[in-house]
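These figures come from a predicted structure and were not determined experimentally. We name chains A, B, ... by the order of the sequence lines, and we start the count at 1 in each one.
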Amino acid sequence: MPPPPPPSRLLALLSARRPPPLRRLLQIHAHLLAAGLLSFPSSPDFSSRLASAYALSTTDASSSASPRPPLHHALALLFPLSTSAYNAAIRALSLCDDDRHGCRGGGGIVHRCLSLYRALLRSGAARPDHLTFPFLLKACARLQERGYGDAVLGHVLGLGLDSDVFVVNAAMHFLAVRGPMEDARKLFDQSPVRDLVSWNTLIGGYVRRGIPGEALELFWRMVAEDASVRPDEVTMIGAVSGCGQLRDLELGRRLHGFVESNGVRCTVRLMNTMMDMYVKCGSLELAVSVFERIEHRTVVSWTTMIVGYAKFGLMDDARKVFDEMPERDVFPWNALMTGYVQCKQCKEALALFHEMQEASVEPDEITMVNLLTACSHLGALEMGMWVHRYIEKHRLVISVALGTSLIDMYAKCGNIEKAIHVFKEIPEKNALTWTAMICGLANHGLAYEAIEHFRKMIDLGQQPDEITMHGNISLGEKAAMKLVEIDPSDSGIYVLLANMYADANMRKKADKVRAMMRHLGVEKVPGCSCIELNGVVHEFIVKDKSHTDADAIYDCLHEITLQIRHTEDLLNISATGVV
DNA sequence: CGATATTTGT
């Protein structure tokens, strides 16, 4: 028998970033027991470290080949655990930040955190304390469902921990991410404790939700009213990115000045945010000047620069930046591809995808959305179908956005049946999905089906609160206009529209738009038809001469017309009689 | 002791 490793060696094994495999962990556990190192309390706290390692090793995806024991079995071996051991285990789990270990959306890890918390509540010996909740709430904020976090918030109140600033901030963060923003705000306004992180959390929350006005107002209030805090890097990241959402260049320069005159640490992250803001506010020049002043550029810095050039249509410069970057993850690839698509250089986008595959970069959902958009523009049905198969083969999750892109691609590439099929298959639909389907049907001249879908969309209440605070109405309008185009005489559309506006509390505007729609209905829209040849869609409008082979096509049409006339003469029937 | 933060998309 080899001698047991010294405690320092065991400690090192337990503290490694990657936990030892379960089998090894059990050995370590036995050694610690034999050495009497698990008697509580001890320093260093071996039982906390062992609990953390168990929590992590039952999460480790690499051990998923063999059945993993439930976490509570492993922890039962350590029973009874102290609160700090539970906290350490929850902490270790909540810090393990990627989703490889569990199901999507960090679900696996969060549920393990919650089961640890339940074990803690059941244990009787230990009670959750002020250190338990920041980690736990952070985990809950990563979960789509709100229920668990709400329950935990209830416990916080029950235990009277609502005066611990760390707990309050974690609760605010949870509410800002998952709950109604008003609740986060209420907590901020009513809490007896408040510090820099409280302000930052709330400002960041408003920015994440796309309410930049509120974020900036809070920022100025913080500067003016609360002398106990000074804006730091995190504050400024929130304020500057909010300013980017506002597209307010003047404000952006002011905030930039604020950073420099208030000694805020100008870290790469802040400078990246500043670049992004300048790009969004339309000043490529200032974005470049910030980029050039960054000493240690990250992938984010380079990517933001690519987005900037692409946004201004300077694809050659975007490509140059892309080629110059020392290392790339999927972001710069997607950013460049998006640029090509938006600049209508769809063939370049497809070529980039092939480069991406040669570079062995794993494409993601966004890559696929870009590819499908490129295919839609090109009318490249073959390629589009290949992308569809690729998505299925690689088991990429078909999100709303991806599903919508598929529908749009099939519709624009001329395969409306497949578009309908995908529409029926996908589980999640939003207003954009419906619009893509309705416009697709309308473009294929399927007026009845389009109107039926429009009706269904309204019936399902698939709008007012989907997007903002108005944007949705224009979506409805977009769909409706398409319908008016194909059948101006259908009064049903006007009724539906009127109802839609009524539902959205826009009665005042309803009449005005009604008149507009009528006007549109009167207007003649040129008839249009599409034909697909070898994966390329050719579009023709009445009297359209834009096609490269227009002369030949019209010659051919003329020939066909002559032949029909000739046949008519032979059969002695009139053209109107046939048609 | 513990909480807040930047880049890609229909």
Side-chain angles (χ1 to χ4, degrees), chain A residues 45 48 84 87-88 90-91 94-95 129-138 141 161 164-174 176-177 184 193 195-205 207-208 232-241 244 265 267-277 279-280 290 294 297-308 310-311 328-339 341-342 363-373 376 399-409 411-412 429-437 439 475:
Chain A
D45 189 351
S48 290
S84 62
N87 289 347
I90 294 174
R91 171 179 182 271
S94 73
L95 290 181
D129 63 11
H130 59 119
L131 295 181
T132 314
F133 291 104
F135 295 126
L136 195 61
L137 285 166
K138 187 187 180 165
L161 290 172
D164 183 295
V165 73
F166 283 83
V167 175
V168 170
N169 288 341
M172 253 172 54
H173 176 238
F174 168 77
V177 172
V193 284
D195 68 0
L196 177 61
V197 177
S198 320
W199 286 98
N200 290 352
T201 303
L202 204 62
I203 291 171
V207 171
R208 202 193 337 255
D232 70 349
E233 184 209 351
V234 182
T235 321
M236 295 321 291
I237 286 174
V240 171
S241 83
R265 241 162 37 101
T267 59
V268 195
R269 280 189 176 198
L270 179 50
M271 288 176 100
N272 290 342
T273 311
M274 218 114 74
M275 280 171 62
D276 178 61
M277 178 273 292
V279 168
K280 290 201 167 90
V290 173
I294 302 177
R297 292 166 192 155
T298 62
V299 178
V300 180
S301 324
W302 292 91
T303 304
T304 308
M305 211 56 253
I306 292 171
V307 174
K311 206 169 170 182
R328 310 177 187 98
D329 58 16
V330 72
F331 279 73
W333 287 93
N334 285 344
L336 190 64
M337 203 182 286
T338 305
V341 172
Q342 282 168 354
D364 65 6
E365 186 202 341
I366 292 170
T367 320
M368 295 301 132
V369 170
N370 277 327
L371 283 177
L372 289 169
T373 311
S376 299
S399 63
V400 199
L402 193 48
T404 306
S405 302
L406 276 170
I407 293 165
D408 195 53
M409 181 277 292
K412 293 232 170 77
K429 300 176 181 72
N430 65 15
L432 287 162
T433 321
W434 283 93
T435 307
M437 189 70 256
C439 290
L475 270 182

All salt bridge (Lys or Arg N to Asp or Glu O under 4.0 Å) counterparts of A/K280, not counting sequence neighbours: A/D276

Residues that A/T201 engages under side chain to side chain contact (heavy atoms under 4.5 Å, CB included), provided they are two or more places apart: A/M172, A/H173, A/V197

Taking any atom under 4.0 angstrom from a heavy atom of chain A, which nucleotides of DNA chain B are the first and last to qualify, 5' to 3'? B/dC1 to B/dT10

Side chain to side chain donor-acceptor pair (under 3.5 Å) against A/S376, all qualifying residues, sequence neighbours excluded: none

Once you apply a heavy-atom cut-off of 4.0 Å, does A/V197 come out as touching a base, just sugar-phosphate, or nothing? base

A/D408 meets the side chain to side chain donor-acceptor pair (under 3.5 Å) criterion, sequence neighbours left out, with A/K412

At 4.0 Å (heavy atoms only), tell me whether A/D232 reaches a base, stays on the sugar-phosphate, or touches nothing. nothing

Across the strands shown, which category fits A/F331 at heavy-atom distances under 4.0 angstrom: base, sugar-phosphate, nothing? base

Touch class at under 4.0 angstrom, heavy-atom based, for A/T201 against every strand present: sugar-phosphate

Can you name the residues that form a side chain to side chain contact (heavy atoms under 4.5 Å, CB included) with A/D329, not counting sequence neighbours? A/V299, A/F331, A/P332

Sugar-phosphate, base or nothing in reach of A/V369, heavy atoms under 4.0 Å: sugar-phosphate

Rounded to the nearest 0.5 Å, what's the gap from CG on A/L402 to CE on A/M368? Could you check? 8.5 Å

Touch check for A/D164, heavy atoms < 4.0 angstrom, all strands: base, sugar-phosphate only, or nothing? base

Which part of the nucleic acid does A/R297 contact within heavy-atom distance under 4.0 Å: base, sugar-phosphate only, or nothing? nothing

Heavy atoms only, 4.0 Å cut-off, all strands: where does A/T273 land among base, sugar-phosphate and nothing? sugar-phosphate

Base, sugar-phosphate alone, or nothing: which one does A/A436 contact when heavy atoms must sit under 4.0 Å apart? nothing

Scan A/S241 against the nucleic acid and name what it touches under 4.0 Å (heavy atoms): base, sugar-phosphate only, or nothing. nothing

